[in-house]
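Just so you know, these numbers use all the heavy atoms, side chains as well, and skip hydrogens, waters and symmetry mates. Note that the numbering runs from 1 along the sequence shown for the chain.
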Amino acid sequence: MSTLRFNALKETLNRQPIEVNEPKRRSDIFGKNVFNKYAMRQHLTKQAYKSVIDAMENGTKISREVADHISTGMKEWSIQNGATHYTHWFQPLTGGTAEKHDAFFELEMDGEVIEKFGGGQLVQQEPDASSFPNGGIRNTFEARGYTAWDPTSPAFIMGTTLCIPTVFIAYTGEALDNKTPLLRSLQVVDQAATDVCKYFDKNVSKVIATLGWEQEYFLIDAALADSRPDLQLAGRTLLGHSSAKGQQLDDHYFGSIPSRVLNYMRDMETECMLLGIPVKTRHNEVAPNQFELAPIFEEANLAVDHNSLLMDVMRKVASRHNFKVLFHEKPFAGVNGSGKHNNWSLATNTGVNLLSPGSTPMKNLQFLTFFVNTIKAVHDNEELIRATIASASNDHRLGANEAPPAIISVFIGSQLTKVLDELEKVTDGKLSPEEKTDLKLNVVGKIPEVILDNTDRNRTSPFAFTGNKFELRAVGSTANCANPMTVLNAIVAQQLIEFKSEVDALIKDKKLKKDEAIFNVLREYIKQSKKIRFEGDGYGEAWEKEAKKRGLSNNKTTPTALKAKVSKKTIKLFEDLNIMSKIETESRYEIEVEEYAMRIQIEGRILGDIARNHVIPTAVKYQNRLIENVVGLKEIYGKEFKKVAKEQMILIEEISEHIEKINKGITEMTEARKKANNAKSAEDTAAQYCDKVKPYFDVIRYSCDKLELLVDDELWPLTKYRELLFTR
């Protein structure tokens, strides 16, 4: 095994940057492989084009006759651009994407060969769905699932395949994917936000949720990654002693990008441009060999699709450059993990960002309305927000090395806090002329300059306001953005519906003017949600004690956090808004607790295998060398050998102690696994894996990492942290 390690290092050190052909102007190739509006104008009839645009913008249905025209145009465009196959591209509840390729090629009865792709094939397909997670929605013999075209996300070509974004549903109608609930939530928040916007601008007829994700990741040379069984199978290192130099000096952060990595980034970004993914920013992150990329904001559904597509593109391009991309939230202990910050906002069809202040008090009152309602929504649903970012992998990241803690709080900055403190003093009921003037001129009117000069970021805040958007920073780097976005859209929509109801009641029953009613309702929301706002450091016992005093939840583990997904409150929320039925909500919970248990189970097996088959034999081999040395010294020095062999004998004893602890830990962990596997329910199994199995990981790792420091480097079989993190 040590031979594999050193061969991998030798191979890595001989790598040269792969040459990349990059266009001079990205605008020349942007969206070239996308069936976008430009391509549709070229290949569709006016009626077909109008039908697609109406479906995209207004949600109108496309008739089967028109679908035939669209499919013909789409087929001709894709064949012209090198496509030979098509697929319905969907996002099952595995967290990844799925596709089944069919050729355009058809053989007619008379033996003639044609390229065929009809409206029926565009609009709906029936993939074999038996093995996708369903959470008990269907039996295997009822495994039919249907994919249905989502015209709001344009088709694209990957390689030689036309990919058509679709939803994925059971034959009984339940959603089996991440996209369907997201689309429903977007529709609900559109309606709720539009209704509120009409207080301020009657011309607003549509509100879209926007998303800008930031994708963090590690890049490791493929040969080094392949030399580590844990990286291959679990996506993270289950053991390995920290490198003497890690990220202490912050010298990697925003530093010069290594040549091989830069060429990878250039190649990957070119692929993104062709696919219409508007990536804009790239830089070194804090940890060695950690990087980040971010796009321009897009409509949330398209942004979610683009992030899922990007992760696939990144993996494929990485293989061309002899890299392995690690998306795991915590692939290396002791250095920063990776997140996927979700920057969320709402924008009107009139071009206004509802979370960005304007030039007039009225525009700023609109800003405050959506700002305060969002904070109130998070306050009322903080446990559900925590549940949306819960996973076995993200548990390792939360609360460590700059990552947000498991306690959900909102950061808005000291100056905006002062604004809300002023609004908290608003008179109950009708406002005096003087108070109205003071509010508009000295509180609401000054918000733009407050935001311009005083908003910043709290790196430990899970949910931070950053000038013109809220940033959900706690989302893990492996996550599908659809899950947190669905929840955020849902809770804000529900909150806006309640807000409008309360404002309308004050206007009707209390005869308050519109502005007075809005100020009165916002005042109460500010008071009610005050405990969720936190400006300080999110680490440590001090904040945990303070959060407990405030009544905020601290669900540190995934099995505990996920329970909020099936609370009566959550089920009612999704049912009332027609986003998910009770069975759809419960099935997702079942899938996630099962996945949690399986991931911990897999990691336990990998750790036991590596420790017993690689670490212990290596330690014994080195121990035998020491024993031979001691025996030789005894032959030379006789009774005096203990003086000259003292250190060797201490080493022999230390190695034996660590071997004993490793073996004992693995045996006990295996027994705990057996008991967990026999638990009565998936929920109990997940809880036992969390509480009874996972603690052994640290026990076993501790002794393995100590042996790494004791054993001869030439014998050690596993590529070390210093090599994984610092080999360029």
Side-chain angles (χ1 to χ4, degrees), residues 1-20 216-268 282-293 314-338 401 477 610 614-615 618 701 704-705 707-709 711-728:
M1 191 69 183
S2 60
T3 303
L4 177 60
R5 172 190 162 205
F6 289 115
N7 284 343
L9 281 167
K10 184 178 179 181
E11 188 176 343
T12 301
L13 293 171
N14 289 328
R15 304 274 198 215
Q16 294 298 318
I18 304 295
E19 288 298 317
V20 175
E216 294 176 337
Y217 62 98
F218 282 81
L219 266 187
I220 305 299
D221 187 89
L224 298 183
D226 288 342
S227 72
R228 293 280 309 220
D230 46 2
L231 281 179
Q232 282 183 315
L233 300 177
R236 76 178 182 103
T237 54
L238 296 170
L239 49 81
H241 200 281
S242 297
S243 170
K245 179 181 184 292
Q247 63 186 47
Q248 306 98 313
L249 301 177
D250 294 325
D251 51 343
H252 185 67
Y253 191 48
F254 277 73
S256 176
I257 301 172
S259 298
R260 280 185 65 202
V261 175
L262 184 59
N263 277 19
Y264 161 75
M265 289 177 169
R266 291 169 58 208
D267 197 3
M268 179 261 294
R282 65 191 183 203
H283 63 83
N284 289 3
E285 255 301 333
V286 177
N289 277 348
Q290 186 187 32
F291 308 93
E292 181 181 301
L293 67 88
M314 288 176 71
R315 292 185 187 99
K316 289 177 179 177
V317 175
S319 67
R320 294 206 293 255
H321 291 258
N322 300 304
F323 281 125
K324 183 177 178 65
V325 180
L326 303 181
F327 288 116
H328 195 286
E329 283 78 0
K330 198 74 171 177
F332 302 102
V335 296
N336 275 24
S338 297
N401 301 97
S477 49
I610 294 174
H614 301 307
V615 174
T618 303
R701 178 173 189 155
C704 288
D705 290 355
L707 286 175
E708 181 181 328
L709 294 180
V711 171
D712 184 350
D713 182 67
E714 287 192 6
L715 294 179
W716 193 252
L718 300 167
T719 306
K720 297 186 176 184
Y721 266 33
R722 67 168 186 263
E723 297 155 352
L724 291 166
L725 291 172
F726 290 97
T727 305
R728 303 291 188 231

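- At least one side-chain heavy atom of Met314 sits less than 4.5 Å from a side-chain heavy atom of Phe327.
- Taking CG of Leu725 as the reference point, atom OG of Ser242 lies at 9.5 Å (rounded to 0.5 Å).
- The shortest side-chain heavy-atom distance between Leu262 and Ser256 does not fall under the 4.5 Å cut-off.
- The only member of Thr719, Asn289, Thr12 that meets side chain to side chain donor-acceptor pair (under 3.5 Å) when paired with Asp221 is Thr12.
- For residues 232-242, the set of pairs meeting the salt bridge (charged side-chain N to carboxylate O under 4.0 Å, His left out) definition, not counting sequence neighbours, comprises Arg236-Glu603.
- For the pair Tyr721/Thr237, a side-chain contact is recorded, criterion being any heavy-atom separation below 4.5 Å from C-beta on.
- In this structure, the separation between CG on Asn322 and CG on Leu219 is 11.5 Å, given to the nearest 0.5 Å.
- Using a 4.5 Å heavy-atom threshold, the side chains of Asn263 and His321 count as touching.
- Contact of the Lys720 side chain with the Asp713 side chain is registered, since non-hydrogen atoms from C-beta on lie closer than 4.5 Å.
- Arg701 and Gly240 get closest at one heavy-atom pair: NH2-O, 3.0 Å.
- A heavy-atom distance below 4.5 Å is not found between the side chains of Leu231 and Phe218.
- A donor-acceptor pair is defined here as one N or O able to donate and one able to accept, closer than 3.5 Å; such a pair exists between the side chain of Gln290 and the backbone of Gly337.
- Interatomic distance, His614 NE2 to Arg228 CZ, rounded to the nearest 0.5 Å: 10.0 Å.
- With sequence neighbours left out, Ser477 forms a side chain to side chain donor-acceptor pair (under 3.5 Å) with no residue at all.
- Judged purely by distance below 3.5 Å, without hydrogens or angles, the side chains of Asn336 and Gln247 pair a donor atom with an acceptor atom.
- Only one option out of Glu723, Glu708, Glu714 pairs with Arg5 in a salt bridge (Lys or Arg N to Asp or Glu O under 4.0 Å); it is Glu723.
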Practice task
Please assess Leu718 against Val615 for the test side chain to side chain contact (heavy atoms under 4.5 Å, CB included), listing each intermediate value before the final yes or no.
Solution key: CA-CA 8 Å; Leu718 300 167; Val615 174; 4.2 Å; yes
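- Between Tyr253 and Glu285, the closest side-chain pair of non-hydrogen atoms falls below 4.5 Å.
- Counting heavy atoms from C-beta outward, Ile18 and Arg320 have side chains that stay 4.5 Å or more apart.
- Using cut-offs of 30° and 60° on the angle between ring planes, the pair Phe254 and His283 is parallel.
- With rounding to the nearest 0.5 Å, the separation of CD1 in Ile610 from CG in Leu233 is 8.0 Å.
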Handout entry: Worked verdict on Phe291 versus Met265 for side chain to side chain contact (heavy atoms under 4.5 Å, CB included)
Key = CA-CA 10 Å; Phe291 308 93; Met265 289 177 169; 3.8 Å; yes
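- Considering all non-hydrogen atoms of both residues, Pro258 and Asn284 come closest at CD-OD1, 4.2 Å.
- The minimum heavy-atom distance linking Gly235 with Pro331 is given by the pair O-CB, 3.9 Å.
- Ion pair Lys324/Asp226 not flagged as a salt bridge, since none of the NZ, NE, NH1 or NH2 atoms sits closer than 4.0 Å to an Asp/Glu carboxylate oxygen.
- Taking both residues in full, the closest heavy atoms of Trp716 and Cys704 are given as CH2-O, 3.7 Å, listed atom of the first, atom of the second, then distance.
- Closest approach of Gln232 and Ala225 over heavy atoms only: CG-O, 3.9 Å.
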Handout entry: Stepwise side chain to side chain contact (heavy atoms under 4.5 Å, CB included) test for Leu293 and Met268
Key = CA-CA 11 Å; Leu293 67 88; Met268 179 261 294; 3.3 Å; yes
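- Partners of Phe323 under the ring pair (Phe, Tyr, Trp, His ring centres under 6.0 Å) rule, at least two apart in sequence or in another chain, do not exist in this structure.
- Between Gly246 and Pro288, the shortest heavy-atom distance links the atoms O-CG, 3.6 Å.
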